[in-house]
Amino acid sequence: METQEFLSRYAAGERDFSHVNLTQVCLTKANLIGVHLIGAHLISADLRGADLTDAHISQAKLNQANLADARMIEVCLISAEMVGADLSGADLTNANLSGANLSYVKLGGAKLSGVNLAATDLTGADLRGADLSGANLKGAKLSQADLDGADLDGADLDGADIDGANMRRTELAGTKMPDGTVHH
């Protein structure tokens with residue numbers, strides 16, 4: 001589907017675009033609140049600064065997509081594939097990304113407080129300076145992730161794989177560590 005057709009249909013009130021192909025589409029700063037893109041192909045899409053609040057994007061393919069500075073509050077990205085996507089500075093407060101593949105994703109400076117990242121693959125992810133306070137990271141794969149300066153206060157890392165992760169300057173007050181102990 002072409003960008004203009006998609007935006008026109010959204011503007012006309014349509015919200016369900018499940019399984020649509022929007023590969024390499026340019027939707028910078030688009031207002032897409034509440035859009036349904038379940039199983040959609042958004043590979044290499046440009047969604048910088050877009051508002052995807054309350055969007056349903058589970059099982060979608062967003063590999064190499066640019067979502068820098070996007071507003072994605074309470075977005076549903078369950079089991080989404082986002083390998084190498086750029087989410088730098090994005091606001092994902094209270095989003096659900098459980099079971100998603102976020103390997104090598106850029107989340108530097110992102111707001112991820114209260115986010116559900118249970119069983120999520122964050123291998124090699126850039127989380128420098130990200131706010132992960134209160135995040136659910138149970139069983140997440142964080143091997144080789146860069147968490148330098150990230151805020152993990154009150155986060156749950158029970159059963160998470162943090163092998164080789166850079167946790168320098170990481171805030172860990174009240175964080176439940178992979179072995180079940182609580183960091184003080």
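In this text, all values refer to a predicted model and were calculated from it rather than measured experimentally.
Side-chain atoms of Asn166 and Asp146 include a donor-acceptor pair closer than 3.5 Å. Counting only N and O atoms by type, the side chains of Glu81 and Asn63 include a donor and acceptor under 3.5 Å apart.
Counting only distance, with no hydrogens or angles, the side chain of Ser8 and the backbone of Gln4 share a donor-acceptor pair below 3.5 Å. In this structure, the side chain of Tyr104 does not engage the main chain of Asp126 through any donor-acceptor pair within 3.5 Å. At least one donor-acceptor pair under 3.5 Å links the side chain of Asn66 to the backbone N or O of Ala68. The closest donor-acceptor contact from the side chain of Thr170 to the backbone of Leu147 lies under 3.5 Å.
Across all non-hydrogen atoms, the minimal contact from Ser98 to Thr120 is CA-OG1, 3.8 Å. Minimum interatomic distance between Val115 and Ala95 (heavy atoms only, all atoms of both residues): CG2-O, 3.1 Å. Scanning both residues, Val35 and Tyr10, for their nearest heavy atoms gives CB-CE1, 4.0 Å. Closest approach of Thr175 to Glu171, counting heavy atoms only: OG1-O, 4.4 Å. Closest approach of Ala160 and Pro178 over heavy atoms only: O-CB, 3.4 Å.
In this structure, Leu132 and Leu107 have side chains that are not in contact, with every pair of non-hydrogen atoms separated by 4.5 Å or more. Side-chain contact between Lys176 and Leu157 is absent, with no heavy atoms from C-beta onward closer than 4.5 Å. Between Asp131 and Leu112, every side-chain heavy-atom pair lies at or beyond the 4.5 Å cut-off.
One hydrophobic cluster, built from ILVMFWY side chains closer than 4.5 Å, holds both Leu172 and Leu137. The hydrophobic clustering, which links ILVMFWY residues whose side-chain heavy atoms are closer than 4.5 Å, places Met177 and Leu122 together. A continuous path of ILVMFWY side-chain contacts below 4.5 Å connects Phe6 to Leu52, so both sit in one hydrophobic cluster. Side-chain heavy atoms closer than 4.5 Å link hydrophobic residues (I, L, V, M, F, W, Y) into clusters, and following such links, even through other members, never connects Met82 to Ile43. Transitive grouping of hydrophobic side chains (ILVMFWY, heavy atoms separated by less than 4.5 Å) brings Met1 and Leu62 into a common cluster.
Separation of atoms OG1 (Thr3) and CD (Gln24) is listed at 10.5 Å; rounding is to 0.5 Å. Distance CD/Gln64 to CG/Asp86: 10.0 Å, rounded to 0.5 Å. Atom-to-atom distance recorded for Lys111:NZ and Asp91:CG is 5.0 Å, nearest 0.5 angstrom. Atom NE2 of His36 and atom CZ of Arg15 lie 9.5 Å apart (nearest 0.5 Å). Atom-to-atom distance recorded for Leu47:CG and Leu32:CG is 7.0 Å, nearest 0.5 angstrom. From Leu37, atom CG reaches atom OG of Ser18 across 7.0 Å, with rounding to the nearest 0.5 Å.
Taking a cutoff of 4.0 Å between a charged side-chain nitrogen and a carboxylate oxygen, Arg168 and Asp148 qualify as a salt bridge.
Relative to the six-membered ring of Phe17, Arg9 misses at least one condition, a distance below 6.0 Å or an angle of at most 45° to the axis.
In this view, Asp121 satisfies the salt bridge (charged side-chain N to carboxylate O under 4.0 Å, His left out) rule with no residue, not counting sequence neighbours.
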Under 3.5 Å, sequence neighbours excluded: what are the donor-acceptor pairs made by side chains of residues 69-80?
none

- Query: Can you check side-chain contact (heavy atoms from CB on, under 4.5 Å) on Leu102 and Leu117, steps first, answer last?
  - Reply: CA-CA 10 Å; Leu102 299 172; Leu117 290 162; 3.8 Å; yes
